[in-house]
Each structure stands twice: as structure tokens, then as C-alpha cells.
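The structure appears below as C-alpha cells.
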Amino acid sequence: MSEPNNPFAGLLGVSEVKPNNENDYNGDNIAVQIDLKKSQELEDLETVNSMVENIFHFTINSKAVDGPSSDRQLVYLEELSEANAPKTYIDLETLEQALFERLLLQDIEVNVIPKSLTSFKEHVVQKQVFPYLFSSLQNLQSYDQINSPVVQKALAKMRELIFRNAVTALKQPALFEDQDFSLQLVELLQHVDPQSHSFFVDLVKAFVVDGDDESHKQLSETMIPVLQRIHTDVNKSNIVNLPIYILPSIQIFAGNPNLAPILMEACEPKIESNGRLYQDSVLGALLSLSVLPRKANALLEFFDNPLDQAGEISSATLSCVSDGFMLNLGAVLLQLCQPFCATPDDTKSLKIDPTYGAVLPEECETKSVHLDCLYNETCLLPPRENENDQTIKRPTADTYNFVTECFFMTQKCIDLGVRVCAEKLWRCGQDLGRAQRAIADVGPGAHHLLEPMRQRGHHLMTKFVSLRCALLETDMLTNLHRLQAMTCTWLVQVAIRTNITQTNYAPMTMMPVQMPITTAPPDTLRCIPEFVLENIVVLITMARRTVGAIPEDTDIAGLLQPALTLVLTFMGDSSRTYNPHLRARLAECLEAMLPNHPDDQIPLSNLALFYREQLFKEHPHRLQLVPCLLDVFVGIEMTGQSVQFEQKFKYRRPMYLVMDFLWGIEEHRDAFTNLAREAEANMEAVHPPIFLRFVNLLMNDAIFLLDEALGNMAQIRTLQTAQESGAWANLPAHEREQNLTNLSHVGMLARFDNILGRDTIHTLVRLTAHAPYVFCHPTLVDRIASMLNYFLLHLVGPNKKNFKVKDMKEFEFDPASTVLDICRMYVELGSNEKFCAAVSDDGRSYSPQLFTLAETVLVRIGGGGLISSLQEVATRVSVLAEQRQRDEEILANAPEEFLDPIMSTLMLDPVILPSSRTTVDRTTIARHLLSDQSDPFNRSPLSMDQVKSNTELKERIHTWIAEQRMKIAQTRDSTSASQ
């Protein structure tokens, strides 16, 4: 199995192994490619031999590592090779002798091939029996998922031989000179991971498999020295620095029926009447760990000179606990919460008072509040302020019950534990992916960078697996799902209530939920910390991103129904969730609920798919999904805050995926259409309809993303051309490294822009097909026409070769798909005269040859079905272009005061902006207000109802136009008469 596909290679630091062919193991397929003419027997033999080399790192084939690109290291068993000549493969029968010979081998380095090596990999030349066998077992586990009968048979035999040789070593230690097996077994326990513990337990099981008294006696003689070493380590330790392996090791002894009697025997004092001897055992030493000394006459170890500052340890380090501490504390608190979250609508949960976090620190004691740190937390809504901008005190109850306190303590613990670790796991996974891609991209001239990069990859893999293991404890996850399902219901119940002054603000009773919610938000939402809502998002997204994060399908099903109600309550309603970033996170949560997701590492089960599909088809409030999505999509732009483009698009990508899924369901598709009809009927409304603002932002995004993507692709082409031409070869090493880094960075940006640009264009294609009338409104038609012209010209025009790079799929660049989508939009909108006129008016990108170039490309990329329709559009545009050219002659010398100050075009409906007193065209300011509801000249707040028509200027403009047309007509008549 090659290292990239071996899930344990990076973690264990085992030797790199590469198969003899180009194919790796992939899923259930064995990575052994054989000649079709070979017999099945030979194929099986090659499979077993390859497994032996990959797992045990020895061979009887002196040429096993030959090859110009091979960097494997194997121990060549020369004597066994001669005895089995001319056979060069190790089969299962030969393996038993081979493994035993390898364990007895003394000068291992001398037998490593290739002979030219000067440095050796640790596992290959490992002399100690148990580290070698344990590492081999770890290598063996990487084949567990391969369902081939040959592989499974070989695995069973190899596992048996590993433990058989381990038992032989313990029972006959004289065979292995100068090896201390008790030390090796303790070092094995010091790994403190499930694999080493399983190996230890399985070794004990194999040791006593015969069940005779002699085996148990020998086991005792073997394990007593192990316990003595553990006892010595405990005696060297104190309560602060106790080695982490000791407690799990003692637990193994105490929990194993074969080892427990040995542990008790080792702890039995020789003189029962001497109490001091009870302490002089491994269990007694553990119980003696304390801030107090072990002996009455010993000196105190702790709090010596407490006023002295310990320079080695910072105060910040002393004030923080570990992630593991928070996870474990959270698990304990989750267990305490189970009595009131057995079901999502558990009535006992309605006793939770939402005002707990608003209690002032000085009032905490009198109100029975022990978590006094919540007062300064950011809440779902900010506190109210009076006329003097002073904060009004938030509502609080007279006292708080145990259920309330347990709930908020648990949520805070989840915020500091599960949320932090989940984010670290996600970032670590991203870093690990980048590190692996960087290793794969290392060029021939940068091999000196490979080892540091691999070390970083191994470190990241270790960190990733550790975090994942810590987060995916089954009982904790099950309890967490139940708590958050209940929290969803509780938050909604709080949100739909009205303001009432009382001594207890807990919901107490279950109210039916009606959507959309029309009541004013209660002030209790000003008391609930944002992390309560954020924790739910973290759980649902973690369940989707992380394999194994869903203990049972029924658990996630019980969470999704109330979670969707929660999302619909808070995502699209800024009056109940002030923070637009948190509302955008709820869109990520919605994305994680989809039945299918492009980033799924493992497909969901059929049952999970069924639950998720039914969620979007049968949820009682599902028809609010589309309005809520559009509201939060627009809300990210309208925050009034500085939101970077990358962050904004990161928020919007999940929304595109959700829209794509909803578009496939008829009733949700109809919801888009209904919103478009509403927008058409209210184009000139004081507050632009949500659909109109949504479409405007889609076009903004498409223009930005495609422009950035094309720029990045051109830059990649330049860098690749320089690399392929050999221009980099003469550069200093640091410059070559910098160029590689630049290429990787630009490629990452291009991939990001191409993915989001493609999603945006796909959404526009759907909307232009179902609501073309919106795009053809004067407010939008010029922008959609110029956008299509601009990108079509770049993709089919003479400069299209500038974007042709190697491995376009790697950058998610698919210009053919984009051209097809653009042409589809031309066809959908081309029957509208306003659109065709706008296309012809675009002096930057439109020319009569534009559609001819597009037709040529369509033939080549399989878009021939669009050509006839596109030709009809081209004809209509051409006719209007001629008419527009004549009009331009008429209006060429318009007075400066008639021109729009923003667009420099002739105004047809001039209006005066109230604060800046600037005159602009009505269409121009209407388009501006879709994205930014402020005066573009002084940033004062502005809406369409505030602008005033400049009637006098409008009359002068239209009079001037009429005069110009009359002059042109008279000139033409005179010319005709003279002819």
C-alpha cells in the first residue's frame, strides 16, 4: 500500500512503501495490478508477498527495491533466500520461518537493501522484539478495510504469527540476548493509545490461550517485573507530574481477568500487620499521591516560598486548562443534563430561565447564580439603550433553579471544549490537506524540502487523529445530540414569546409555532449568549464534516427536525439574531442538513438520506426556507460592517449548495418564482424587494468572481510557462521555492474563485429562465447585458488562450461550462427588446462579431443546440445596434448638465438626492440602492421615496432630444432632395 493511501503511514512514521505497480489500494480494491495472463495463484502470491514487504519490511528477493524511483528499505533474509531458491516470493508458509529469522537477526543494518544506504528507517532496523512486532501490527491494520478473501486470510495468519512470536519471546527469553522485555512492555504501555493497549491485552490472551496453570504462572513471572517498573515510576512522581501512561496501564491490569490476580498478588503485603507495606505497592503508591509528603519525616514538595515567582511557567499557562479537561468536564455535565433532555420537546426543559446570563455579578449570590462570567457575553440581541445612550438593565428572575444552572454551565463548557476542539480539528484537517498537496507538488529540484514537509505532515496527522479521537467519544456525542435537540426547541419557545414582566422567565409551557413569526422579539433574547446558538451549529456541521461524528442515524434524525425550526426562526430574522455572521453560520448549518453533499468523505446511509430528504419535504415550516435564505444572503452585504470578499463568499457558498438542492423540489422552486413575481410588481418600492436585491448581489458576485478567476488563470499560465521553459532552473533555490509558493497560492485563489463563480453563474441561469422579467427591468438590464458581453468576449474572443493552463480540473476551471451557461442566459433573455438594446449599447465588449465567435466555440464544446436560438438573439441585437448608432449621433453633443454624474450617460428621468442635492438618473440611483442604501456622494442614509424628480431639467432634456432629432431629420431631407 502506498503512503498516500495508507491512513496510518503519516501517523506511525513507518517506512514508505510503494507497490510494484502504479495502482494503490483504493477502498475495497487491492492495490496489486497483475498481468491478465498470470494465474490466480500467482496473483495471490504476489499480493501476500507485497503485504509482507509493506508490513514486516523484509524480503527474500535481492532485487525487491531495484528501480530508479524506489526509496524503500527492506531487510534481505539471505539464508532463507538461498534455502528457498529459486523462489523469490514469501508465502504464508515461508512467513513463519522468515519472521522468526528476522527477530533473531543481529546485524540488521548489514542486511538492509539497497546496500548503498547510509541511514536507515527506524522500523526496518528495529532490533527489539516488541517495538518491531507492535509496529508490524500497526502496519497490518492499514489493510483491515480490504475485503479480499486472500488479504483477509493473510491478515489473520500474520496477526497469529505476530502474537505467536511475541509469546515465544516471553516464554523463552534466553533466545533473545540482551533484551529486557519488561522494559519493552512498559514502553509499549507508555504509548497511551488504544492500539498499544489492545496489543498488550491480545498478547496476554495469546499467552494463556492453553489455559493451563503453567501458562498462568509464566504470565505472572513476566508481568511482575512490568508492575515493578510502573511502581518505580509512580514513586519518582508527584501529583503534578505523574506519567500519563500509569493510570491507563493499571486499569488494563485491573480490568483483565488474567492480569487482575497478578496485580492483587503484587499489592499483597508480606506482613499484613505492617500498614506501611500496604503503601509500598503500585496501588498504594498511587493512593499516596498528594500535596502532602509520602512519609511523615519528608519535606513538603509544594507551596514552598509561595510568594516567589516561578519564571519557567507563565501565569497564562497556569490559568488555562487543557482541551481534554474541558471535554471531560463537558461529558460529566452532559450526563447531568440527560434527565431534562430525553426528547427534543422534554417539558422539563421548559423550566430553563433564559435570563440567567443577564444577572449582574453583584447579584449572583442572592439569585443562586454560580456561573458569574456570562454577564459580559455577547447575546443574541444587544441590550436596549435609553435616549441618553445608556444601557437599560436586562430582565432577570428572582432566583434560578438547578436545571437552568446545569444547562448554562453545560453550554459554556461545550463552547470552551467541543467547539474549540471541533474548530481545531477542522483547521488541522485543512492544514494537513495543504501539507499533503505541498508534498505531492515538490519538484525535482526541491528534494531537500521533502523531509521537513513530511515531518510537518506526520505532526499534523498525529494532532488530527488525537483531536478526532477526543471529540468522537460515543456516549458524549449521544448525550450532546440530545441536549442540542432540546436546546433547539427551547430557543424557539423563548423566541416566539412576548415581553412580560415577571419573577420567572422560563417558558414553562409549550406553545405552537406559527411562521413567519410576526410578534416583536422578547427582551429575553438579550440575555441568551450567542454561544448557545453557535454550539448547535458546531455540532451539526461537525456531524457532517467528520466521519464517525454521528453515533446513530436516529440521533441525528431527532436533532434535525427541531434544528430546522431553529434555523427558520433565527436565520432570516435580524430582529431575533443581531449578528449577521451568526445568521450566516446558520446557513452553514442548513447546508450540513442536506441529504447529499459534495464534501462527504463517506456516503450517508440510506436511512440517514431518507431522514434528510423528508426533512425538506415534510417539515411544517419548510416554505419559509427560500425567503430566509435570500434574507441572510442579502444581510451579509447589508451589515454596514467591513466584510472581506473572501469571508463573504465563504458564507455564501453553503447558501448556493442549499439553493441548488431546493431548486430540485417543485414547491421550493415555486417559492423562488413567487418572490420574483412580487419583485416585478414592486420594482419602484421604497424598500427594494428581497428578490431584487438578491439578484443584484448575484450579479455583483459573478462579476467579481469571474474577473478574479480569469486574472488568476492568466497568472497561473504565465508561471507555468516560465517553469516549463526552464527559466526557473537558473534561479537561486530560495527564488525557486518562492515561485512554487506563489504558484500554489495563486492556484488556491483561482480554485476558490472558479468554484464560487461557477455556483453563482449556475444560480443566475436558473433565475433568468424562471424570472427573465426581473433581469430586463431598467434597473438591472444594463448590468446583466454588460456582464454577459464582457465574459463571453474573454472566453471566446482572441484572448481566450491566455487562460489555458495545465491541469484545469485541479483549479476547477471549466470555461466550456461557463460559455454554455452564458449563452443560455442570452437565449432566455433575448426575446426582450430592452435586453437586446442593452447588449447593443455596451460599447466596451459588444461587437457584431461577438456572437459569431460564440457560435464557433459552441460547435466545439457540444452546445450546437443553442446556436439557432443564439443567432436569433444576435439578429435582434444587430438591428437595435444600428438604431442605437443613429441615436448616438443625435445625442453626441449633449450638454454636461444633462449627463448622469455617475454613468456619464444622458439622463432620461433626473432626480435630486435630498442630502447632497446632486442630480442623477432615476435608474442609476435605483441600481445603487440595491447594494448600498446611502447617498453615493456623502454616505447619508437614502431610500427611493426620498428622491425628488427634477421636473424642470427633465423637460429641458426631452425638449433638447426632440430638437436634435428634428435637426437630423431636416439634414437627411435636405441631403435626399439635393440628390
Side-chain angles (χ1 to χ4, degrees), residues 598 645 649 652-653 656-657 660 698-724 743-769 783-830 839 842 844-847 849-867 869-871 873-874:
F645 273 110
F649 292 129
R652 284 185 178 163
R653 195 198 173 201
Y656 286 134
L657 293 174
D660 187 61
L698 274 181
M699 289 192 288
N700 288 349
D701 290 356
I703 292 169
F704 174 82
L705 289 166
L706 290 181
D707 210 24
E708 286 288 300
L710 293 179
N712 286 328
M713 296 308 295
Q715 192 174 349
I716 291 170
R717 177 179 171 82
T718 301
L719 290 170
Q720 287 182 345
T721 302
Q723 185 182 27
E724 292 169 4
L743 180 57
S744 176
H745 178 68
V746 175
M748 180 182 68
L749 293 177
R751 188 174 185 274
F752 175 85
D753 292 333
N754 282 321
I755 290 173
L756 284 170
R758 181 186 62 210
D759 291 344
T760 307
I761 289 293
H762 284 342
T763 304
L764 282 171
V765 170
R766 288 195 178 100
L767 296 178
T768 53
R783 295 192 64 231
I784 188 72
S786 61
M787 180 191 83
L788 296 178
N789 288 346
Y790 177 78
F791 290 115
L792 186 62
L793 177 63
H794 277 73
L795 293 172
V796 304
N799 296 325
K800 63 179 181 291
K801 292 183 179 179
N802 292 344
F803 314 116
K804 190 173 183 179
V805 301
K806 286 198 315 178
D807 304 321
M808 289 199 294
K809 288 185 179 179
E810 178 185 346
F811 306 110
E812 298 286 346
F813 185 51
D814 187 2
S817 172
T818 305
V819 169
L820 284 171
D821 283 343
I822 289 173
C823 290
R824 289 188 183 103
M825 284 190 273
Y826 274 115
V827 171
E828 293 295 345
L829 301 175
V839 171
D842 178 23
R844 181 178 63 164
S845 304
Y846 172 73
S847 69
Q849 295 77 33
L850 179 62
F851 291 108
T852 304
L853 293 170
E855 291 168 15
T856 303
V857 174
L858 284 174
V859 170
R860 192 170 65 252
I861 64 177
L866 289 170
I867 291 178
S869 299
L870 193 63
Q871 287 173 339
V873 175

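- A 6.0 Å sphere centred on CZ of Arg766 holds more than 12 heavy atoms belonging to other residues, nucleotides or ligands.
- Contact annotation: the side chain of Phe752 never approaches that of Met748 to less than 4.5 Å [non-hydrogen atoms, C-beta and beyond].
- Contact record, Leu795 with Pro815: CD2-CB, 4.1 Å, taken as the closest heavy-atom pair.
- Nearest heavy atom pair, residue Ala750 against residue Ile716, reads CB-CD1, 3.7 Å.
- Sorted by first and then second residue, the salt bridge (Lys or Arg N to Asp or Glu O under 4.0 Å) pairs with a member in residues 794-806 read Glu724-Lys806; sequence neighbours excluded.
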Kindly determine whether Arg653 and Ile755 satisfy side chain to side chain contact (heavy atoms under 4.5 Å, CB included), including the steps that lead there. CA-CA 9 Å; Arg653 195 198 173 201; Ile755 290 173; 3.6 Å; yes
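- Contact detail for Ala702 and Leu764: the closest heavy-atom pair is CB-CD1, 3.9 Å.
- Here the closest heavy-atom approach between residue Glu855 and residue Ile867 is recorded as O-CD1, 3.9 Å.
- Rounding to the nearest 0.5 Å places CE of Met699 at 8.5 Å from OG of Ser786.
- The shortest side-chain heavy-atom distance between Phe791 and Thr818 does not fall under the 4.5 Å cut-off.
- Looking only at side-chain heavy atoms (C-beta outward), Val827 and Arg824 stay at 4.5 Å or farther from each other.
- In this structure, CD on Glu812 lies 9.5 Å from CG on Asp759, to the nearest 0.5 angstrom.
- Test Leu698, Thr768, Asp701 against Thr763 for side chain to side chain contact (heavy atoms under 4.5 Å, CB included) and you get one pass: Leu698.
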Walk me through it: do Thr760 and Arg652 pass the test side chain to side chain contact (heavy atoms under 4.5 Å, CB included)? CA-CA 10 Å; Thr760 307; Arg652 284 185 178 163; over 6 Å; no
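- You'll find the side chain of Met713 reaches within 4.5 Å of the side chain of Val805, heavy atoms only.
- A salt bridge between Arg758 and Asp814 is absent, with no side-chain N of the basic residue lying under 4.0 Å from a carboxylate O of the acidic one.
- Side-chain atoms of Phe813 and Asp753, non-hydrogen and from C-beta on, never get closer than 4.5 Å to each other.
- Within the 4.5 Å cutoff, the side chain of Ile861 has heavy atoms near those of the Leu820 side chain.
- Taking 4.5 Å as the limit, some side-chain heavy atom of Tyr790 sits within range of a side-chain heavy atom of Asp707.
- Atoms OG1 and CD, on Thr718 and Gln723 in that order, are 13.0 Å from each other to the nearest 0.5 Å.
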For side chain to side chain donor-acceptor pair (under 3.5 Å), just list the numbers for Asn700 and Arg783, CA-CA rounded to whole Å, side-chain angles, deciding distance to a tenth of an Å, and then say yes or no. CA-CA 9 Å; Asn700 288 349; Arg783 295 192 64 231; 2.3 Å; yes
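- Put simply, CG on Leu792 and CE on Met787 are 11.0 Å apart, with the number rounded to the nearest 0.5 Å.
- The CZ atom of Arg860 sits 9.5 Å away from atom CG of Leu858, with the distance rounded to the nearest 0.5 Å.
- Note that the CD1 atom of Ile703 and the CG atom of Leu788 stand 9.0 Å from one another [nearest 0.5 Å].
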Quick one: do Tyr656 and His762 satisfy side chain to side chain contact (heavy atoms under 4.5 Å, CB included)? Show the steps, please. CA-CA 9 Å; Tyr656 286 134; His762 284 342; over 6 Å; no
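- The shortest side-chain heavy-atom distance between Tyr826 and Val839 falls under the 4.5 Å cut-off.
- Scanning all heavy atoms of the two residues, the minimum distance from Leu853 to Gly797 falls at CD1-CA, 4.0 Å.
- A donor-acceptor contact shorter than 3.5 Å is absent between the side chain of Asn789 and the backbone of Ser845.
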